[in-house]
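Here is the naming used below: chain letters follow the sequence lines, and residue numbers restart at 1 for every chain.
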Number of protein chains: 2
Amino acid sequence: MNLKTLSEKLGLSQTTVSRALNGYPEVSTATRLRVEEAARQYNYRPNSRAKGLATGRSMVIGQIIPTSIQHEMVNPVFGDFVSGATQALAGHGYDMMISRVLDEDEGKVYRELHARGAVDGVILQGPLVEDPRIPLLREIGLPFIVHGRSTGEAGPYNWVDVNNRRSFQRATRFLLDLGHRRIGLLNGHETMDFARRRRAGYTEALAGAGIAPDPALMASDEMTESFGFARTRDMLALAAPPTAILASSMLAAIGVRRAIQEAGLRMGRDVSVITHDDDLSYLKNGEDVPIFTATRSSVRRAGIILAEKLVALIANPAAAPVTHMLEAELVVGRSTGPVPVKG
Amino acid sequence: MNLKTLSEKLGLSQTTVSRALNGYPEVSTATRLRVEEAARQYNYRPNSRAKGLATGRSMVIGQIIPTSIQHEMVNPVFGDFVSGATQALAGHGYDMMISRVLDEDEGKVYRELHARGAVDGVILQGPLVEDPRIPLLREIGLPFIVHGRSTGEAGPYNWVDVNNRRSFQRATRFLLDLGHRRIGLLNGHETMDFARRRRAGYTEALAGAGIAPDPALMASDEMTESFGFARTRDMLALAAPPTAILASSMLAAIGVRRAIQEAGLRMGRDVSVITHDDDLSYLKNGEDVPIFTATRSSVRRAGIILAEKLVALIANPAAAPVTHMLEAELVVGRSTGPVPVKG
DNA sequence: TTGAAAGCGGTACCAG
DNA sequence: CTGGTACCGCTTTCAA
């Protein structure tokens, strides 16, 4: 069923039917109701491509899958982000399109998406320090919003980020307050902006306690389970092992926990772990592990907020840059008293 | 840059330029080269919507995000599937569009996608036993391929699935061969077709060893970490606890490991765990934990295979139904000798 | 081998 | 308040 046949059935012009369906005021109520009824009856939906051609907008938002370069695996919370963003976009009539790049040349893809008119805007994931994609998107004039920020980027841009620095500062301070002095940091790749900020928060908190950061307690790499495992094992083998560890991702944390277990130690007794995670069963079940921030649900929420901002941005490109800072919740466990400090 | 201005710059008609760019044979080589050069120079890309309008195809494949109903969280391997599928689709000029439904009425979304002409085909995720979406898609005539199968579906349909039954049969048998007699199964919701098949494989293997399945050792629910934790804890508290556990997902397995640890037991010594996982560091590091199948990479591979089949299917709708069975690898650990059996 | 023109299915301007 | 018509950018007959 298309507009032409629908209007013929109604004995009206395409113009009138279109207007009735799109809420234009100059249509009589009687006609509007009649048209809406018929549209419902025939299950009419305007063709997306035709509509897009006529209006010059695609009503599609693009996103490039953030795959880790080495293992071409996707962050496990990606789905949650997409779920949130897609839901929010749908509320404004937008669809979400996913792309992927094999090589490093993400710029080529953005250029092409724009040239084809395939998307009205894009979401930029996993920003690096001094990320070249930002000036590129600005140059080609494709509306975009960044999930995260990019240190070193001078110009204005729109972003939604979680307060990584502050979160890790608080988490570190929390551990310091419990009496820990040797705190390990398993961080993401420090080309990634978020990782840089997390380390900053960590070292700031240490500095506040008069502790110089120990390179042997800081690792940064792709956040896989084996990374978490290997580095934790190394750290636990040190002459002065850490009594607490900050893990920057769910996968890494799994490795951390396993390494602790294999070393014959117990989490929350011999070694405290703070990590991004969202399963509060740790707390519910009395495990002495403070949880840092609710990744899965917060990522979903970030997707929603980000999508809303992007839609607003496209509607009004002249508006001032949009920024939004999410504060991570620091959910702490039942360990109100100090965790026994080893060594 | 659009076709009109490009052809004007070349002093050719739109027709000729279009033909040259789309590889039609009736264009002289000289013209073709000239056109291609100009297209490159001006970075010309045909407008997707216009092309789609003219050809009647959208060159877009749709997919609805499989969110778990209760916790609205997305399977962590979803991103890997999308990554694989998107990559394969891109090779054929297709884009991937993601949708999401809030209510149970996925059918409405399919109807709309089809009516709008937004997609040329869809990928169906997470099929249930007797899944109503399959007859629905058939009815509305939208090409589709199922990731998994649906027991009880009489008509023909296209699918790509992993051999869940056989995998769990082999895994169970492997444990039986090691001397285990009490084997727990943490399964997904058994409305899901894959969960039903996994249980079948499990019970078949037990039957082969003359063991009657014990309801106290079988749990099935949404595969979260807390599910894995809680049910494992329950099972370990039994008078006759399991000496091995089959966990149906990565998240559940995390919970399993934690419960084992909390009970003061050691994995691979007191309790063996077989699970879907892909981080081979377990093996590399000598942990006595057999790994069942490489989820992340195999899901990615499934995405690729599925996308290829769907593209072929759309190109030739009259062809016989496409089916593809993936055999899961059973990667076993270093425990060539029997694992000490407790109790 | 090339080009003119008629769609594809909508939107939106301009009349009436 | 309603309708005629000119696009939107591309493909595809049909003629030349």
Side-chain angles (χ1 to χ4, degrees), chain A residues 1-36 38-39 42-60 93-95 112-120 315, chain B residues 1-36 38-39 42-60 93-95 112-120 315:
Chain A
M1 174 62 59
N2 58 19
L3 190 61
K4 190 178 174 195
T5 59
L6 181 64
S7 57
E8 280 165 0
K9 291 213 189 268
L10 281 160
L12 288 167
S13 72
Q14 295 189 33
T15 312
T16 303
V17 175
S18 171
R19 278 199 278 242
L21 258 22
N22 287 301
Y24 282 69
E26 63 264 40
V27 182
S28 77
T29 315
T31 318
R32 161 159 297 130
L33 290 175
R34 205 159 67 86
V35 170
E36 283 170 350
Y42 294 110
N43 196 36
Y44 168 76
R45 294 280 182 290
N47 181 293
S48 308
R49 298 188 298 279
K51 189 162 190 163
L53 234 204
T55 57
R57 300 186 307 157
S58 63
M59 299 308 281
V60 174
Y94 281 90
D95 285 318
E112 186 179 317
L113 283 174
H114 190 237
R116 282 166 48 203
V119 299
D120 292 340
Chain B
M1 174 62 58
N2 58 19
L3 191 61
K4 189 178 175 196
T5 59
L6 180 63
S7 58
E8 280 166 358
K9 291 214 189 267
L10 282 161
L12 288 168
S13 72
Q14 296 189 33
T15 314
T16 304
V17 176
S18 170
R19 278 199 276 242
L21 259 21
N22 287 304
Y24 281 70
E26 63 264 39
V27 181
S28 76
T29 315
T31 320
R32 162 159 297 134
L33 290 175
R34 205 158 68 85
V35 170
E36 283 170 348
Y42 294 111
N43 196 36
Y44 168 76
R45 295 278 181 292
N47 182 292
S48 308
R49 299 186 299 278
K51 189 163 191 162
L53 235 205
T55 58
R57 299 187 307 158
S58 64
M59 299 307 281
V60 174
Y94 281 90
D95 285 318
E112 186 179 316
L113 284 174
H114 190 238
R116 282 166 47 203
V119 299
D120 291 341

Take atom [atom1] of [X] and atom [atom2] of [N], then tell me their distance rounded to the nearest Å.
X	N	atom1	atom2	value
B:L6	D:dT11	CG	P	12 Å
B:E8	D:dG9	CD	P	12 Å
A:R34	D:dT2	CZ	P	9 Å
B:R57	C:dG9	CZ	P	15 Å
A:R32	D:dC1	CZ	C1'	11 Å
B:K4	C:dA5	NZ	P	14 Å
A:L3	D:dG4	CG	C1'	14 Å
B:N2	D:dC7	CG	P	14 Å

Look at [X] and [N] and indicate whether a side-chain polar atom (N or O) is within less than 4.0 Å of OP1 or OP2.
X	N	answer
A:N47	C:dG9	no
B:K51	D:dT11	yes
B:N22	D:dT11	yes

- [ ] Not counting sequence neighbours, which residues clear salt bridge (charged side-chain N to carboxylate O under 4.0 Å, His left out) with B:E8? List them please.
- [x] none

Task: Dot-bracket encoding per residue of DNA chain C, Watson-Crick/G-U cut-off under 3.5 Å, | denoting interstrand - done: ||||||||||||||||

- [ ] For A:Y24, enumerate each residue passing the side chain to side chain contact (heavy atoms under 4.5 Å, CB included) test, keeping only those at least two apart in sequence or located in another chain.
- [x] A:R19, A:N22, A:E26

TODO: Could I get the full list of side chain to side chain contact (heavy atoms under 4.5 Å, CB included) partners for A:T16, not counting sequence neighbours?
DONE: A:L12, A:S13, A:T31

TODO: Please tell me which of the listed nucleotides, D:dC10, C:dT2, D:dG3, lies nearest to the side chain of A:L12?
DONE: D:dG3

Task: B:T16 side-chain proximity, nearest of C:dG3, D:dG4, C:dT11 - done: C:dG3

Open item on the list: Go nucleotide by nucleotide along DNA chain D from the 5' end; which of B:L53 and B:E26 gets its closest nucleotide reached first?
Closed with: B:L53

Task: Earlier contact from the 5' end, DNA chain C, for B:V17 and A:A50 - done: B:V17

Between protein and nucleotides 12-15 of chain C, what N or O pairs are separated by less than 3.5 Å?
{"unit_1": "C:dA12", "atom_1": "OP2", "unit_2": "A:Y24", "atom_2": "OH", "d": "2.5"}
{"unit_1": "C:dA12", "atom_1": "N6", "unit_2": "A:T15", "atom_2": "OG1", "d": "3.0"}

Open item on the list: Please enumerate all residues that pass side chain to side chain donor-acceptor pair (under 3.5 Å) together with A:R32, with sequence neighbours excluded.
Closed with: none

